[in-house]
Structures are given as structure tokens and as C-alpha cells.
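Here the structure comes first, spelled out in C-alpha cells, and everything after it is commentary.
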Amino acid sequence: MSPDTLHTPPPRRLRLAGIIAAIVVLAIVVAGVATRANDSRKLREWTDEQSQPTVNVVTPQGGQGGGDLNLPGRLEAYARAPIFARTSGYLKYWKADIGQKVKAGEVLAEIETPDLDQQLLQAKADLASARANESLAQTTARRWQSMRDADSVSKQEVDEKVGDYDAKHALAAAAAANLERIQALKSYARLTAPFDGTVTARETDVGALINAGGGGQELFVVSDVRKLRMYVNVPQNYAPSIKQGATVKLTVPEYPGQTFEGTVESSSASINAATGTTLVQVSVDNQAGKLLPGAYASVQFDVAGDATLFSVPASALVYDEKGLRVAVVDAQNKVSFKEVTITRDLGKTIQLGSGIAAGDRLIESPPDGLADGDVVRVNAPKKKAEGDHATKA
């Protein structure tokens, strides 16, 4: 046998090697096609994902509007009476200076009234003359009535004498009333305290010209500072939460760190159209005399939360030609816009009074071009920061 015959592989081996080679080639081709198809699918999925906006969502916090409501105000005396003169003249003397405690009826000052004194003398003289004329007319009328009984005079003449007496009687009554009026004016020459209190102002001095009436100068002010009142303008949205009889806390700059208690006495029960507030009156016990009328004070109301109010970040609001709205994401990550109304603007957070419900997922800082029905990708929730008013979802 020749050497070439010894090294030639049998036909069966050749066929087996060819089959194996074909299988290897086919496997390589199939693997390449599968790899390309998988890469293409992943590319399509990645492209689709990139076309969906990625957003952060927040959940509104309910029961807002509660907590402490701090508002400014001015303390005023519970009773304050400016004292004006009811009669003109010159101040003769004064007895009460600022800060002095006075009792009801105590004399504060006296006015010297030379003109009124002369009018008083004239009124007394007029009354004396009128009464003398009345007495004479009365005697004459009685005499003529006696003569009428004896048929000595006519009835007409008797009626004239009786009528003259009635006229003289009326003149005497008018003179007496005029005298009483002047005496009443004279009594106002003594200025007295209308109630127990403290003299908080004295705007006159000895010898000053005093003009009668409310249009004149305010001479004294007497204030009852044992109890103070404070008027506070409460915003409209908090007005229903301020109840009569509620206890409030007050602070004043002159006593840092110290609080005083007051009581809500009443409110105006109306909203001022110019300010959007209602006027609330708070009474404060001041028996210790620490608080001063006219002082600035800050009052703290304890306001209950409102289940209908929700707090959201200001960045969740969208304001465009369609109005004020928020973007809400449902369970399928589809977007829908809802119209809302603002109850209170706190800067970084906004309290909404309508438009959303508890559990809604609101998009924080909605991207431009977002529309109803769009599908978004929601980022994983972030840990809520301390002091936040909405929970990241």
C-alpha cells in the first residue's frame, strides 16, 4: 500500500467533519441574529422610556390651617372717656395729673365762668320778675271772677283777666326753666371723673381759655386700665375658627418671654371689603397694671385644623391660560390636570381649599409641554425632610 493511501481520510470522517462545521457556522449565525434582535428590542425600550418624562411626585398633607395664628394689635383701655368742657371760661385750677388714680365723681378741675355767672344773675332776676307778674295776674283774675259772680263785670272781661294770668304763669315757668339750664351749665364748671380709673392725659393748665362743646380742646382723659381690650383684624379664612370665649395668649415687647392671657369677647360678624378681615375683640385682665393702653401687642390664636385644606409645595402649581391647576398622576402613571383654589399662600407651601383629594399624587415642578393623558415615569420616593408640608410619594 502506498504512503498516499495511508494518509487519505475515509469518506465517512469527511462527511462528519463537514456536518460539524456546518452546525458551528449555523449556531454562530443564529446567535448573531438573536443578539442583534435583543439589542434592537432593548434599544426600542430605552428609546420609549426616554420619551416619557421623569417626574417627582408629592402627596398633599391634609388637615391644614391649624396651629398657632399670630396677629398684631393695639391694647386699649376697656373704658376711655375724653373730658371736654360743657361751659366756657378760664381754667381756675386742676387737681388730677397724669397717672393719678381717681374715683367716680372726683373733681379733676374747675373752670372760672364770669360770663355765665352774669347770665345766672340775670336769669334769677328774670324769674323773680316773672313770678311777681304771675302773682299779680293771679290776684286780679280772682277778683274779677268774684265780681262776675255778683254780675258787676262781663264774662268777656273775666276771661281776659284769667288768660292774662295763664300767660304770666307760662312766662314764669319759662324763666324758671332758663334758670335751671344756666345752673346746669354752671355745674359743669367742675370737671369730674365719670368712673373709677386713671388719668391718662391732661391737656390744659391754669388760666387756659376753655371753649365749650365737643369741638373744643380735650382737657383730660380718664381710662379704666384694670381691664384692657384689643381689636385684631383676623383674615377671612380664619374667621370661622375664632370662637367667642376662646382663650388667647398675648406678648408685648417690654416683657420678653412672658405671656398674658386674654379672652375672645366678640367679633364684628362681617368682613371688611377693603381688607378682607373681620374685627375681633379680645379682653385682657390687667389688675396687676403691667400692660399699658396704646401698647403694641401680638396675640396668638389656637386655630383648629380644617380637613378640607391641603398643603402642597408651591412648585406643584401650574398657572397658564387655563387657570391655576396641578398635575395629578394616577395608578397607571397617566397625567390629568385639576383646577384648584388657593386658601393661603405661605411662600414655599400653598394651602389649597379645593380641587384635590387626600392620596393624590401631584407632580412637583411639572415639565413644559405636559398634557392630559401623557404617561410619565415616577422617580423613587425621597425621604421627607423635616418641616416639609407635603409627603414625597
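All values below come from the heavy atoms of this structure, side chains included, with hydrogens, waters and symmetry mates left out.
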Donor-acceptor pair, side chain of [X] and main chain of [Y], under 3.5 angstrom:
X	Y	value
R80	S223	no
D196	A104	yes
D97	R202	no
E203	Q217	no
D360	L362	no

Stepwise side chain to side chain contact (heavy atoms under 4.5 Å, CB included) test for V234 and T277: CA-CA 5 Å; V234 177; T277 60; 5.8 Å; no
Check which hydrophobic residues are tied to [X] through side-chain heavy-atom contacts below 4.5 Å, counting indirect links as well, and list them.
X	value
L279	Y231
I182	L116, L120, L127, L179, L185, Y188
I271	none
V222	I83, L91, W94, V102, L108, I111, L191, F195, V199, V206, I210, L219, F220

Going from [atom1] on [X] to [atom2] on [Y], what distance comes out if it is rounded to the nearest 0.5 angstrom?
X	Y	atom1	atom2	result
N178	D126	CG	CG	7.0 Å
L352	T341	CG	OG1	7.0 Å
S154	R148	OG	CZ	7.5 Å
L291	E254	CG	CD	7.0 Å
E160	T140	CD	OG1	13.0 Å
R226	N286	CZ	CG	11.0 Å

Measuring only between side-chain heavy atoms, which start at C-beta, is [X] closer than 4.5 Å to [Y]?
X	Y	value
V328	V335	no
E106	Q100	yes
V55	P366	no

More than 12 foreign heavy atoms under 6.0 Å from [atom1] of [X]: is that the case here?
X	atom1	value
I98	CD1	no
R325	CZ	yes
Q183	CD	yes

As a quick check of understanding, evaluate side chain to side chain contact (heavy atoms under 4.5 Å, CB included) for L121 and Q118, giving each step before the final call. CA-CA 5 Å; L121 294 175; Q118 293 301 317; 4.2 Å; yes
Linking I/L/V/M/F/W/Y whenever any side-chain heavy atoms sit under 4.5 Å apart, do [X] and [Y] land together?
X	Y	answer
Y93	F84	no
V378	I363	yes
V340	I342	yes
V221	L228	no
L292	Y78	no

Search all heavy atoms of [X] against all heavy atoms of [Y] and return the closest pair with its distance.
X	Y	result
A327	L370	CB-CD2, 4.5 Å
V162	Q145	CG2-NE2, 3.4 Å
A175	A130	CB-CB, 4.0 Å
A77	V225	CB-CG1, 4.4 Å
L71	N233	CD1-O, 3.6 Å
V58	P313	CG2-CD, 3.9 Å

Ring of F260, cation from K290 - is the NZ or CZ under 6.0 Å from the centre and inside 45° of the axis? no
Check K322 with D320, please: is the shortest side-chain N to carboxylate O separation under 4.0 Å? no
Validation: residues 242-249 side-chain donor-acceptor distances under 3.5 Å, sequence neighbours left out:
from: K243; atom 1: NZ; to: P240; atom 2: O; distance (Å): 3.0
from: Q244; atom 1: NE2; to: E265; atom 2: O; distance (Å): 2.9

Would you mind writing out the side-chain donor-acceptor pairs for residues 131-138 within the sub-3.5 Å range, not counting sequence neighbours?
from: N133; atom 1: ND2; to: S129; atom 2: O; distance (Å): 3.3
from: E134; atom 1: OE2; to: H169; atom 2: ND1; distance (Å): 2.4

Between K186 and T113: side-chain donor-acceptor atoms closer than 3.5 Å: yes
No-hydrogen, no-angle side-chain donor-acceptor test under 3.5 Å, T278 and S268: yes
Candidate pair T59 and V57, rule side chain to side chain contact (heavy atoms under 4.5 Å, CB included), full reasoning: CA-CA 7 Å; T59 301; V57 296; over 6 Å; no
